[in-house]
Every structure is written in C-alpha cells, then in structure tokens.
S.K.: 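This structure is in structure tokens; I'll ask about it shortly.
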Amino acid sequence: MLIAANWKLYKTQAETRTFCAEFQPPGGVDVVVCPPFTSLAAAVEGGLTVFAQNVHWADEGAFTGEISVPMLKELGVAGSLVGHSERRQLFGETDEGTARRAEHALAASLRVIACVGETEQEREAGETEAVLARQVAPLPRHPDLVIAYEPVWAIGTGKTATPEIAQEAHAYIKSLIDAPVLYGGSVKPDNAAELLSQPAVDGALVGGASLDPDSFGAICRAAAP
Ligand code: 13P
C-alpha cells in the first residue's frame with residue numbers, strides 16, 4: 001500500500017520540521033509526502049520519503065515557474081505528482097503535458113503519481129470512463145508509474161466517493177493500464193479503512209487530512225498489514 005500526503009499550498013519549512021518531529025510512519029506501508037517546493041529539503045532532512053507536487057519535462061531552459069528533475073534529485077526527492085486536477089483546472093495543464101512530465105521524470109528514475117479523475121458534470125453526463133480513458137491514454141507505461149484516481153467532485157468537499165464508486169473506477173483504470181491505483185478525494189481517518197479494503201484500491205492520496213500528523217498517521221495505520 002502506498003499512502004501519499006499532498007500538502008498543496010500549505011506548510012512553510014518551519015511547519016514541515018514540526019510535522020516531521022511529530023509524525024511516525026507505521027511499518028509495512030509506503031508513505032510519501034508531497035510538500036511545496038520550498039519545503040522539500042526540510043522534509044527530506046526530516047527523514048521522510050518525499051515527492052514534489054509537479055516536475056517539468058526539460059532539465060533546464062526558459063520555463064519560468066517550473067522545477068526540473070535534476071533540481072529535485074539534488075535535494076534527495078524520490079518522485080513527483082503530475083497532472084493533479086488543480087493543475088489541470090486552475091493552471092491549464094493538459095493530458096499531453098502531464099504525460100511529457102511523467103515520461104521525463106520516469107526516464108530519470110523518479111517515481112511518478114499521475115492524477116486522473118472526472119468532474120461532477122462529466123460524471124452526471126455519463127462521461128466518466130471516456131474522461132479516464134482520455135487522461136490515461138498518453139501516459140507512459142512504466143513500472144514506477146502509479147495512477148491516482150481523484151474524482152474532482154470529491155476533492156476538498158468532504159464528499160468522498162463510496163467504496164463501490166472507487167472500486168468501479170479503479171477497476172476500469174486497471175483495464176486501461178497495468179499500474180497501482182490510489183484513491184484521492186476527502187480521505188479521512190474514519191473512511192480510510194473501508195476505501196482501502198476495496199480490491200482495486202492500492203493506496204490513497206490525501207489532501208486536507210494529511211496536514212495533521214495525527215490524522216495522517218491514522219490513515220497510514222489503516223493501510224498497515
Ligand atoms: P482532499 O483530501 O483535501 O479532498 O484532497 C485530495 C487531493 O486533491 C489529494 O491530491
């Protein structure tokens with residue numbers, strides 16, 4: 001099981017150090033945290049396995065605001081998210097750009113969690129499978145690629161997908177690509193065990209509930225063997 005914390009635009013370096021001092025990952029679970037870029041080094045120094053929240057497809061160049069694979073590797077970062085729905089919806093990132101980011105990072109031995117998921121409107125229009133197929137199609141096939149299924153309507157809303165909805169979407173994604181699939185969207189200590197017990201759910205990508213070491217610890221323990 002892989003349990004990943006996506007801190008989004010939260011936690012300064014000092015706050016990251018406090019988290020690291022209080023958080024103790026349980027044995028038998030692959031636990032990673034994804035801090036903002038400025039807190040990556042503090043999280044690595046705190047002894048955690050650390051992923052970035054995004055990574056560019058070029059090693060260097062005129063790409064204002066981006067971060068590269070060599071920059072991350074120098075800090076001891078082990079992987080990156082790509083294609084989070086907030087990147088897609090708020091910052092105009094595309095399926096093709098997401099795939100290029102994933103491909104370049106994987107080729108340089110970073111692990112990658114590529115995020116996919118439909119909006120509420122797309123689900124209501126019966127387009128969930130078409131959206132997932134479109135998002136998964138350009139992604140590289142690679143042993144270090146993990147998919148995160150994050151239905152946009154469940155992110156930060158407290159509206160978690162039911163275990164049945166998660167299972168159905170994960171099984172569909174697994175019919176498209178041979179990769180572990182994490183569930184993301186309002187995962188909390190009180191719903192984690194049930195979601196993680198679904199056969200096609202291989203872990204979780206946790207936003208809000210990962211900011212507190214106690215609640216993130218409880219979610220990690222729900223994944224422990
Ligand atoms: P929440 O857990 O806050 O709903 O966020 C999910 C998410 O976007 C993780 O990447």
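For ligands, and for the atoms within them, numbers begin at 1 and follow the listed sequence.
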S.K.: May I ask you to decide if C34's main-chain N or O and Q53's side chain share a donor-acceptor pair within less than 3.5 Å?
M.R.: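 Side chain of Q53 to backbone of C34: a pair is present.
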
S.K.: Assess whether atom CD of E127 is packed by more than 12 heavy atoms of other residues, nucleotides or ligands within 6.0 Å.
M.R.: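 Counting neighbours around CD of E127, more than 12 heavy atoms of other residues, nucleotides or ligands fall under 6.0 Å, so yes.
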
S.K.: Between F63 and H56, how do the two ring planes meet: parallel, tilted or perpendicular, split at 30° and 60°?
M.R.: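 Correct class here is tilted.
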
S.K.: Quick one: does K73's side chain have a donor or acceptor within less than 3.5 Å of a partner on A108's backbone?
M.R.: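 A pair under 3.5 Å: yes.
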
S.K.: Verify the neighbour count for atom CD of Q121: are there more than 12 heavy atoms of other residues, nucleotides or ligands below 6.0 Å?
M.R.: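 At most 12 heavy atoms, drawn from other residues, nucleotides or ligands, come within 6.0 Å of this atom.
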
S.K.: List ligand 1's nitrogen or oxygen atoms that come under 3.5 Å of a protein nitrogen or oxygen, with the partner atom and distance.
M.R.:
from     : atom 1 : to   : atom 2 : distance (Å)
ligand 1 : 2 (O)  : S186 : N      : 3.4
ligand 1 : 2 (O)  : G207 : N      : 2.9
ligand 1 : 3 (O)  : G208 : N      : 2.8
ligand 1 : 4 (O)  : G156 : N      : 2.6
ligand 1 : 4 (O)  : S186 : N      : 2.8
ligand 1 : 5 (O)  : K8   : NZ     : 3.2
ligand 1 : 8 (O)  : K8   : NZ     : 2.8
ligand 1 : 8 (O)  : H84  : NE2    : 2.8
ligand 1 : 8 (O)  : E150 : OE1    : 3.4
ligand 1 : 10 (O) : N6   : ND2    : 3.0
ligand 1 : 10 (O) : H84  : NE2    : 2.9
ligand 1 : 10 (O) : E150 : OE1    : 3.1
ligand 1 : 10 (O) : E150 : OE2    : 2.9

S.K.: Classify the ring geometry of H170 against Y149: parallel below 30°, tilted from 30° to 60°, perpendicular beyond 60°.
M.R.: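 Aromatic pair H170/Y149 classed perpendicular.
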
